[in-house]
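Heads up: the structure comes next, in structure tokens.
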Amino acid sequence: MDDKEMKDMSYGYRVKKTDIGSTLSIYLQKRHALNNFHLVEVTSSLWLAGWNQKEPALMNKFHVGDQLLSVNGQPVTTVAEANTIMEMTPSGVELLLKRMPLAAEYKMHREKEAEDWGMQIRQNRLVDVIHGGIAWTAGLQPFSAEFAEKACSWAITQVNKCPVSVLCRSTDVIWSKINSGKTDALITLQPSEFVNILSNSLLEHPHYEDFVARS
């Protein structure tokens, strides 16, 4: 571990910048990790649905849809396993994550702000793409997502690298985020059936309002 990493560790964490589908290690002090994540068991894996937005040490490190691979080097597939390891650790917690492995990212550009993006959105879902339009040219296709070996629609979970709440049900809010970039928009989408499972589980948390990732 080099001096820079040692310096970061002294503050209780170290983050390696990665892209979608890459793995990364995040180091936290035990008090920052324990009981501050909402994990969901899906397809024999653990997924991050939310984290305590009131804990500064967790900010800007996680994304909804991150897959938790191991805790302190021990592979985990259940919430009970992850929590037990965190509880037993005397000090620091190392989380090995895969960054949003089910996600897809599309960058769109228009020449003028008034130009239509060429897609239809309902709530947080992409429902249609106009043939030959900007979104189509960027490669975006409706119902091209796949979850549990079945095709499904896409749900928008980030716009211009800023999170969109998985509980968002306002089409206007989504469009406002997309148009905030004026002529450019970077959209991150994940399978809607997967996002539904995460959001429904999150709603069962007694303090879910504090665990919803927002921009």
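Excluded from the calculations below are hydrogen atoms, water molecules and symmetry mates; all remaining heavy atoms, backbone and side chain alike, are included. Quick note: residue numbers are just sequence positions, from 1.
Side-chain contact between Gln53 and Met59 is present, with at least one heavy-atom pair separated by less than 4.5 Å. With a 4.5 Å cut-off on side-chain heavy atoms, His207 and His38 do not count as touching. Val71 is not listed as a side-chain neighbour of Thr89, based on a closest heavy-atom distance of 4.5 Å or more. Side-chain contact between Leu46 and Glu41 is present, with heavy atoms from C-beta onward closer than 4.5 Å. Using a 4.5 Å heavy-atom cutoff, the side chains of Val195 and Trp154 are not in contact. By the 4.5 Å heavy-atom criterion applied to side chains, Leu167 and Tyr208 are counted as neighbours. Residues Leu68 and Leu97 are in side-chain contact: their nearest non-hydrogen atoms beyond the backbone lie under 4.5 Å apart. Counting only heavy atoms from C-beta outward, the side chains of Phe194 and Thr43 never approach each other to under 4.5 Å.
The structure places CE of Met88 at 8.0 Å from CD of Gln74, a figure rounded to the nearest 0.5 Å. Atom CG of Leu28 and atom CG of Leu34 lie 11.0 Å apart (nearest 0.5 Å). Annotation: the span from Ile187 atom CD1 to Gln158 atom CD amounts to 11.5 Å, rounded to 0.5 Å. Taken from CD1 in Ile130 to CG in Leu140, the straight-line distance is 12.0 Å, to the nearest 0.5 Å. The distance from atom CD1 of Ile26 to atom NZ of Lys61, rounded to the nearest 0.5 Å, is 7.5 Å. Note that OG of Ser45 is 4.5 Å distant from CD of Gln67, once rounded to the nearest 0.5 Å.
Under the 4.5 Å side-chain heavy-atom criterion for Ile, Leu, Val, Met, Phe, Trp and Tyr, Leu186 and Ile20 are members of distinct hydrophobic clusters. Hydrophobic clustering keeps Leu126 apart from Val173 (ILVMFWY residues linked when any side-chain heavy atoms are closer than 4.5 Å, directly or through intermediates). Criterion: ILVMFWY side-chain heavy atoms under 4.5 Å apart, direct or through other members. Under it, Leu69 and Leu24 are not part of a common hydrophobic cluster. Under the 4.5 Å side-chain heavy-atom criterion for Ile, Leu, Val, Met, Phe, Trp and Tyr, Val127 and Ile134 are members of distinct hydrophobic clusters. Hydrophobic cluster membership differs between Leu96 and Met86, with clusters built from Ile, Leu, Val, Met, Phe, Trp and Tyr side chains linked at under 4.5 angstrom.
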Q: With salt bridge (charged side-chain N to carboxylate O under 4.0 Å, His left out) as the test, would you mind laying out the steps for Glu209 and Lys54 before giving the verdict?
A: CA-CA 10 Å; Glu209 298 95 337; Lys54 295 182 177 180; over 6 Å; no

**Q.** Worked verdict on Trp47 versus Ile197 for side-chain contact (heavy atoms from CB on, under 4.5 Å)
**A.** CA-CA 10 Å; Trp47 306 86; Ile197 293 173; over 6 Å; no

Q.
Would His63 and Lys161 count as a side-chain contact (heavy atoms from CB on, under 4.5 Å) here? Give the steps.
A. CA-CA 10 Å; His63 297 260; Lys161 295 294 185 181; over 6 Å; no

Q | Test log, rule side-chain contact (heavy atoms from CB on, under 4.5 Å), inputs Thr183 and Lys112 | A | CA-CA 6 Å; Thr183 58; Lys112 300 178 181 179; over 6 Å; no

Q.
Between Asp128 and Met119, is the side-chain contact (heavy atoms from CB on, under 4.5 Å) condition met? List the steps.
A. CA-CA 6 Å; Asp128 200 8; Met119 58 184 175; over 6 Å; no

Q: Please report the C-alpha distance between Arg125 and Gln123 in whole Å, then the side-chain angles of each, then the deciding distance to 0.1 Å, and finally whether the side chain to side chain donor-acceptor pair (under 3.5 Å) criterion is met.
A: CA-CA 6 Å; Arg125 289 193 181 193; Gln123 297 182 347; over 6 Å; no

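Closest of all the heavy-atom pairs between Gly73 and Pro75 is O-CD, 3.6 Å. Across every non-hydrogen atom of Ser180 and Asn160, the tightest pair is OG-ND2, 3.8 Å. A pairwise comparison of heavy atoms in Ala82 and Leu39 identifies CB-CD1, 4.0 Å as the closest pair. For Gly118 against Ala135, the heavy-atom pair with the smallest separation is O-CB, 3.9 Å.
Counting heavy-atom neighbours within 6.0 Å of Arg169 CZ, excluding the residue itself, gives a total above 12.
The aromatic rings of Phe211 and His205 sit tilted, their planes meeting at an angle between 30° and 60°. Using bins of under 30°, 30° to 60° and over 60° for the plane-to-plane angle, the ring pair Phe62/Phe37 lands in the perpendicular bin.
One finds no salt bridge joining Glu55 and Arg31 here, because no Lys/Arg side-chain nitrogen approaches an Asp/Glu carboxylate oxygen to under 4.0 Å.
Residue pairs meeting the salt bridge (charged side-chain N to carboxylate O under 4.0 Å, His left out) criterion with at least one member in residues 65-89, sequence neighbours excluded: Asp66-Arg99.
Of the residues Val212, Leu198, Leu48, the one that meets the side chain to side chain contact (heavy atoms under 4.5 Å, CB included) test with Val64 is Leu198.
Not one N or O on the side chain of Ser153 forms a donor-acceptor pair closer than 3.5 Å with the backbone of Ser192.
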